[in-house]
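One structure below.
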Amino acid sequence: MLDLKALREDTAACKQALAKKRVSPESVDRMLTLDEEKRQIQTQLENLQAEHNRRAEAISTATPADRPKMVEESKALKDKFKFLEPTLLKLGNELNELLFTTPNLAHDSVPEGNNEDDNVEISRWGTPPDIKNPQDHVALATRLDILDLDRAAKIAGARFSVLKGYGAKLERALGAFMLDTQTKAGYQEVIPPYLVNPESMFGTGQLPKFEEDLFKVPFGDDKLYLIPTAEVPVTNLYRDEILDETILPLRHCALTPCFRSEAGSAGKDTKGIIRQHQFHKVELVSFCKPDQAEQELERLTGHAEAVLQALELPYRKIVLCGGDMGFSAHKTYDLEVWIPSQNTYREISSCSWFSNFQARRASIRYKGESTGGKTQLVHTLNGSGLAVGRTWVAVIENYQQPDGSITIPKVLQPYLHGLEKITSL
RNA sequence: GGAGAGAUGGCUGAGCGGUCGAAAGCGACGGUCUUGAAAACCGUUAGGGGCGCAAGCUCCUCGGGGGUUCGAAUCCCUCUCUCUCCGCCA
């Protein structure tokens, strides 16, 4: 969430950065007004409370004879400020409602724009393979009997898949390869819970605004949510903690299933397994000091790129425009892999810097020598390294042979006991 | 699922209605001493918010929430979590 103090002190700049993310200046003004009113009442209330505290203390040392009168006075004073409490609460709630649903500021370098058409390509790597009449992954994989969408639909529904035989093995190999790559790059592996509480979803910004995108599970009197990405449990690892600055940057990676309701994406990517309710993803998460963050984003994005390069999959890197960025993001790079059957690049990784937006929500701080012993919010970053399901699709399609078989990328072969080609089960 | 015990500052742990954001020990940091280090000694050491140019003043927080009271870490209610025993179980 945003820093109200910064919003107060640097209103014009904040409005500008928020405009990129389609937040109106009126909405900012509304928050500032509420904030102003709230602080005024808070000061008023606290002054009366201070007086009340002084009287209570005086009673403790007063003579028994004086006490009854003093107690009466104290009671009367309390009546004078009790009514302010609900007012303060109401203003606070109203302010929070806005604050909690206002997106992060965009970084200066983020291009203006409303949607994906305004994203800016940064670079390309590799050359799309020359395949005549490329087949899509569904056709290829179904024929090889490594993918079964019909039975997936039967047992769960649309947007689910069943991988079989070498299809399942390939998925597992990809996950293991990615994890090995990232742990070698310095990310400590974690296996977090796949269900999390509402506080965690709030911490990373999924709640309260995007509840409809999540799978919710009733649990006793409360509820849990299936994680849409490992970003949620891994970032929340350090919620409500103060880290020693010497451990920063702190880098984790995790391979988890991800669950998304895909509400609102009806009709999009209905063919194949590009957009699923459940998929695997290796996530990279980093916590660092503010002055390390910009560089950390480049680094982390590079680690995601390294996987694509090792797999020799052609891709491009783009920077998202303000209008296409996620709610919590300060700056985002997307990596898009070449999908032959669609003759285009498709998102396979999204790497974001969240400035202190998530850290403020989740209360993740650090301190040390450089902060003079004071606590300060960390910056959080994360990125896919990579989405396993989409990588699976990319491998199947980019490595397809005229006879319908799939050759296995060299780096993956050790993970498949030396298998060089999938020809059938 | 049944029975019991507990949750206090970085850690251990006291406090069980007033002067307690909180003893003591440990740890950490700063200083004295030392060629340097250790030891010893002295000091500092929770988080969040409001007002203020600042110095400073002040509010809230002793697992979370609510209540009783002039006053709560201390009393009551409730929730969560941890531990022990029994049962069940991947």
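Lettering of chains follows the sequences in order, A, B, ..., and the numbering in each one begins at 1.
A gap of 15 Å separates the C1' atoms of rG71(B) and rG67(B), to the nearest Å. Spacing of C1' atoms, rC20(B) relative to rG13(B), comes out at 16 Å, to the nearest Å. Rounded to a whole angstrom, the distance from the P atom of rG52(B) to that of rG9(B) is 33 Å. Annotation: rU35(B) and rG25(B) have their C1' atoms spaced 34 Å apart (nearest Å). Here the separation of rG48(B) from rC62(B), taken at their P atoms, is 16 Å to the nearest Å. Rounded to whole Å, the separation between the C1' atoms of rA37(B) and rU19(B) comes to 44 Å.
Ion pairing between a basic and an acidic side chain is recognised when a charged N comes within 4.0 Å of a carboxylate O; Lys281(A) and Glu283(A) show such pairing. Under a 4.0 Å N-O distance rule, the pair Lys15(A)/Asp29(A) qualifies as a salt bridge.
Applying the 6.0 Å contact sphere to CD of Glu51(A) captures more than 12 heavy atoms from other residues, nucleotides or ligands.
Nucleic acid contact for Lys374(A): none, since no nucleic acid atom lies under 4.0 Å from a heavy atom of the residue. Within 4.0 Å of Arg39(A), counting heavy atoms only, lie sugar-phosphate atoms of the nucleic acid but no base atom. Across all strands shown, Ser74(A) has heavy atoms under 4.0 Å from sugar-phosphate atoms exclusively, and none from any base. Backbone-only contact: Ile242(A) has heavy atoms under 4.0 Å from sugar-phosphate atoms and none from a base.
Contact between the side-chain N/O atoms of Thr375(A) and the OP1/OP2 oxygens of rG48(B) is found at a separation under 4.0 Å. Residue Lys69(A) has no polar side-chain atom (N or O) positioned under 4.0 Å from OP1 or OP2 of rC70(B). The phosphate of rU58(B) has neither OP1 nor OP2 within less than 4.0 Å of any side-chain N or O from Asn53(A). Between Lys367(A) and rA46(B) there is no side-chain N or O to OP1 or OP2 distance below 4.0 Å.
In this model, a side-chain donor or acceptor of Arg67(A) finds a partner on the base of rG18(B) within 3.5 Å. For rG71(B), its base never sits under 3.5 Å from the side chain of Glu57(A) at any donor and acceptor pair.
Pair assignment for rU69(B) gives none, since no Watson-Crick or G-U wobble pairing has each distance under 3.5 Å. Across all strands shown, the partner of rG6(B) is rC81(B), judged by Watson-Crick or G-U wobble contacts whose two distances both fall under 3.5 Å. In this structure, rC89(B) makes no Watson-Crick or G-U wobble pair, since no nucleotide meets both defining distances under 3.5 angstrom.
With Tyr333(A) as the aromatic partner, Lys317(A) meets the cation-pi criteria of under 6.0 angstrom to the ring centre and within 45 degrees of the ring axis.
Checked against the 6.0 Å centroid threshold, Phe357(A) and His330(A) do not count as a close aromatic pair.
In this entry the distance linking CD of Gln49(A) with C1' of rC51(B) reads 14 Å, nearest Å.
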